[in-house]
Asker: 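Sharing a structure, written as structure tokens. Questions coming.
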Amino acid sequence: MNSHEGSCLCGAVAFEIQGDFNSFYLCHCKHCQKDTGAAFAANLFSQSATLTWLSGVNEVTTFVLKNTRHHKSFCKTCGSALPSAQPNNMLAVPAGCLDTKHPMKPTAHIFCASKAAWEECLETITEFERLP
Ligand SMILES: [Zn+2]
Ligand SMILES: [Zn+2]
């Protein structure tokens with residue numbers, strides 16, 4: 001069985017996940033744009049994996065947007081995105097909070113109808129290895 005570890009930016013929260021991911025979606029919906037501040041959220045999903053908090057469980061809080069399925073768990077101190085149990089026992093894990101490598105490639109882009117206007121042609125713009 002695969003095991004994955006992750007943590008938040010300030011280091012207060014650490015967790016372990018046992019099991020495999022079923023899908024990996026890049027969500028471009030307006031809710032994900034707001035809660036990440038970015039063009040899209042990158043979340044891994046699992047129906048069978050188990051989540052264990054290794055430290056800082058009291059630092060974790062969850063926001064649920066009323067009348068939607070939109071959930072976000074995050075560290076109260078640094079605001080980093082953290083795993084959360086979704087309705088119907090689905091575990092959602094923000095890809096960026098993992099410290100161990102996971103080999104899964106994204107399954108699909110979803111909610112592309114809501115893409116930010118500035119997301120067009122991202123692959124054609126100049127790239128720098130570090131801060132220019
Ligand atoms: Zn933190
Ligand atoms: Zn979304």
Side-chain angles (χ1 to χ4, degrees):
M1 188 183 288
N2 281 315
S3 131
H4 311 271
E5 283 184 23
S7 59
C8 68
L9 200 50
C10 76
V13 182
F15 62 88
E16 184 182 64
I17 289 161
Q18 296 279 347
D20 294 312
F21 297 112
N22 304 105
S23 53
F24 181 10
Y25 288 115
L26 306 179
C27 184
H28 300 253
C29 83
K30 290 291 181 196
H31 301 151
C32 288
Q33 287 180 42
K34 287 267 184 206
D35 93 8
T36 61
F40 56 86
N43 282 296
L44 293 142
F45 292 91
S46 178
Q47 281 168 325
S48 54
T50 56
L51 168 67
T52 307
W53 298 107
L54 301 175
S55 68
V57 66
N58 295 328
E59 296 299 307
V60 182
T61 190
T62 302
F63 169 72
V64 180
L65 186 61
K66 260 193 184 150
N67 303 319
T68 74
R69 291 166 53 190
H70 190 84
H71 277 55
K72 185 190 184 178
S73 290
F74 57 97
C75 170
K76 289 178 197 169
T77 300
C78 68
S80 297
L82 292 166
S84 62
Q86 308 276 306
N88 58 38
N89 284 336
M90 187 71 89
L91 181 67
V93 182
C97 70
L98 291 174
D99 296 318
T100 45
K101 276 195 177 153
H102 60 91
M104 190 170 201
K105 293 259 182 291
T107 311
H109 291 277
I110 59 172
F111 286 94
C112 290
S114 317
K115 267 187 182 178
W118 55 268
E119 235 201 292
E120 299 300 326
C121 311
L122 285 187
E123 57 293 326
T124 65
I125 64 173
T126 309
E127 290 187 12
F128 296 98
E129 291 292 320
R130 299 188 194 285
L131 194 67

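Both ligands and their constituent atoms are indexed starting at 1 by order of listing. We count residues from 1, following the sequence as given.
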Asker: Is it true that the side chains of Thr52 and Gln18 contain a donor and an acceptor less than 3.5 Å apart?
Answerer: no

Asker: Are the side chain of Ser84 and the backbone N or O of Lys72 linked by a donor-acceptor pair below 3.5 Å?
Answerer: no

Asker: Is the distance between the Zn ion (ligand 2) and the nearest N/O/S atom of Cys27 smaller than 2.8 Å?
Answerer: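 True for Cys27.
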
Asker: Parallel, tilted or perpendicular: which describes the rings of Trp53 and Phe15, with under 30° parallel and over 60° perpendicular?
Answerer: perpendicular

Asker: May I have the angle between Cys75 SG and Cys10 SG with its vertex at the Zn ion (ligand 1), rounded to 10°?
Answerer: 110°

Asker: Within 2.8 Å of the Zn ion (ligand 2), is there any N, O or S atom belonging to Cys29?
Answerer: yes

Asker: Is it the case that the side chain of Ser80 and the backbone of Leu9 share a donor-acceptor pair, with hydrogens and angles ignored and the cut-off at 3.5 Å?
Answerer: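 Present.
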
Asker: So, is His28 placed with an N/O/S atom under 2.8 Å from the Zn ion (ligand 2), counting both backbone and side chain?
Answerer: no

